[in-house]
Amino acid sequence: MKTPELPPFDHKPKKYTGLSPDEILRLRKEYLNPGIFLYYKKPLTMVEGKMQYVWDESGRRYLDALGGIVTVSVGHCHPKLVEAANRQNELLQHSTTIYLQPKIVEYAKELASKMPGDLKVCYFVNSGSEANDLALLMARAFTGNYDVIALRNAYHGGNAATMGLTAHRTWKFNVPHSFGVHHALAPDPYRGPWGRDDVDAGKKYAGDVKQLLDFATSGQVAAFIAESIQGVGGCVVFPDGYLKHAYEHIRGAGGLCIADEVQAGFGRTGTHYWGFETQGVIPDIVTMAKGIGNGCPLGAVVTTPKIATALSQRIHFNTFGGNPVVCAQGKAVLEVIEEEKLQENALKIGNRILTGLNELKQKHDLIGDVRGKGLMLGIELVKDRRTKEPAKEECAQVVETAKDMGLLLGKGGLWGQTIRFSPPMCINEQDADFLLGVLDLALQKA
Ligand SMILES: Cc1ncc(COP(=O)(O)O)c(C=O)c1O
């Protein structure tokens, strides 16, 4: 089978004259945090990006089907975003909330207009970890309760508070961090006790939240937090009704419901603007990062005016939160999603890829499960479909082979056994076919 070719694209990368990959690697080893990891045995040096593509130092183009880890929502260096950020950079780069500033309020108004119900008070921070940390504080201050229920297989960040919410041993240091946090069963229809053939699966998984309330807490909790689709955990889509039942249990115990939309928000699921809407619920607090800024350090927490009053008991301040440059870029992201109909595109192209992935499942026994919504998709690789033994090495190999053929993919799951697809939402049909063609070959090789 011939290696598929990338669709034509009208952009000539600049000639790269910077440090060589070997030199970057040497300096990285000498001067950067040793806890970071590289995706590939033969690392990729990324020097330029335009829309759904990136280029390496030699001028070779790749389709970025991971979107900078689900962050490049509307396209690398999208011209409208570059223009908005440049314009603001030349005018005023920094102010803080001690002064009046137009960009932050213009942006907050636009962001709030995307939210359902009474969710309209915005807090701006710099990352997803900070957003979740703040959401926890808010829920505890508002309810007067301390305990929190999160889900196994979740990723909510790596700072002190959110490492406690995260539930993969790989991201948790051996220090005290999970005080007051209880982890319920991951509502994973592939690996969990109730599968997709069980119409009551959502209710049954939510029953574990109730069990925790009854057996692990005082019966009163501050919050429940869940991603709307588990991203780092390997694109785990919850059974219908799960969040509805879990929220009922939590609200019955005096708690608030927090939706972590860091990966699933901003139209990525295709059918809805927010991931939680696919489950028919309205949370009390929504946290956002990654795709909200298309790559700039922007995070947000949106809640109701009533809950926000809890944080007015003390001063709340964040030096860079709501910085005029990132607010200008964040506002441009919202506009581009609308103007270019990117949510609709996520649905159309996502469905095309999903159909292709299901066809590949018929052909390759390595694929144990195909799942996802819109442009948040995953395939879980297993050595044996019956035992579901995670195919970690095979997954790494497929991802490496795909890169060598010009396709960047993601990995997820505790064992790194799930291939993740979360490209910028501007991806087109030819890109989707290229992706499927490369994947077919890479799976064949594995
Ligand atoms: C669902 C989710 N929440 C929170 C975070 C933490 O975001 P950040 O890395 O910006 O702190 C991540 C990061 O991957 C995430 O996937």
Side-chain angles (χ1 to χ4, degrees), residues 33 35-37 39 66-73 123-139 148 150-168 170-173 177-178 181 183 186-188 223-238 243 257-266 268-269 274-276 278-279 283 285-302 318 320-323 326 329-330 333 372-378 410-414 416 418 420-422:
N33 142 29
I36 52 181
F37 60 94
Y39 237 50
L66 178 57
I69 318 195
V70 207
T71 298
V72 182
S73 44
Y123 292 73
F124 293 114
V125 293
N126 310 287
S127 67
S129 302
E130 266 190 72
N132 285 329
D133 183 18
L134 180 59
L136 276 191
L137 171 69
M138 207 178 260
V148 172
L151 298 181
R152 294 188 194 156
N153 198 44
Y155 186 86
H156 294 291
N159 62 8
T162 59
M163 196 192 297
L165 299 173
T166 290
H168 265 190
T170 36
W171 309 98
K172 286 163 97 79
F173 278 82
H177 50 56
S178 294
V181 180
H183 288 101
D188 177 351
F224 168 78
I225 181 165
E227 297 156 85
S228 302
I229 293 177
Q230 291 184 325
V232 172
C235 194
V236 172
V237 181
F238 306 155
L243 285 183
C257 299
I258 306 170
D260 180 334
E261 289 282 323
V262 167
Q263 295 205 12
F266 298 92
R268 182 162 287 284
T269 60
W274 302 109
F276 58 78
T278 65
Q279 286 265 323
I285 302 174
V286 181
T287 61
M288 310 163 191
K290 289 188 184 265
I292 189 176
N294 198 56
C296 70
L298 172 60
V301 182
V302 183
N318 186 310
F320 297 121
N323 168 284
V326 296
Q329 182 151 330
V333 168
K373 287 183 188 293
L375 286 175
M376 193 162 173
L377 301 169
K411 275 185 295 183
L414 179 63
T418 301
R420 296 169 63 201
F421 311 87
S422 53

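Not measured: the values here are computed from a predicted model. Atoms within each ligand, like the ligands themselves, are counted from 1 in listed order.
If you look at Asn132 next to ligand 1, the close heavy atoms, those under 4.0 Å, all belong to the side chain. At a 4.0 Å heavy-atom cut-off, ligand 1 touches His156 through the backbone alone.
For the pair Glu261/Phe266, no side-chain contact is recorded, criterion being any heavy-atom separation below 4.5 Å from C-beta on. At least one side-chain heavy atom of Cys235 sits under 4.5 Å from a side-chain heavy atom of Ile229.
Tyr155 O, 3.3 Å is the protein heavy atom nearest to atom 2 (C) of ligand 1. Taking atom 3 (N) of ligand 1 as the reference point, the nearest protein heavy-atom neighbour is Asp260 OD2, 2.7 Å. In terms of protein heavy-atom proximity, atom 16 (O) of ligand 1 is closest to Gln263 NE2, 2.7 Å.
At distances below 3.5 Å, at least one donor-acceptor pair connects side-chain atoms of Lys172 with backbone N or O atoms of Met163. Listed for the Tyr155 side chain is no donor-acceptor partner under 3.5 Å among the backbone atoms of His168. Of the possible polar contacts, one joining the Ser129 side chain to the Gly158 backbone as a donor-acceptor pair under 3.5 Å is found. A donor-acceptor contact shorter than 3.5 Å links the side chain of Gln279 to the backbone of Phe238.
Distances below 4.0 Å separate heavy atoms of Ser127 from the following atoms of ligand 1: 10 (O), 11 (O). Near Gly157, with a cut-off below 4.0 Å to any heavy atom, the atoms of ligand 1 are 6 (C). Every atom of ligand 1 with a heavy atom of Ser129 under 4.0 Å away is listed here by number and element: 6 (C), 7 (O), 8 (P), 11 (O).
The neighbour count for Tyr39 OH, taken as heavy atoms of other residues, nucleotides or ligands under 6.0 Å away, is above 12.
The distance criterion of under 3.5 Å between nitrogen or oxygen atoms is not met by Glu227 with respect to ligand 1. Close N/O approach between Gly128 and ligand 1 is found [any backbone or side-chain N/O within under 3.5 Å].
A side-chain donor-acceptor contact under 3.5 Å links Glu130 and Asn318.
At least one heavy atom of Lys290 sits less than 4.0 Å from an atom of ligand 1.
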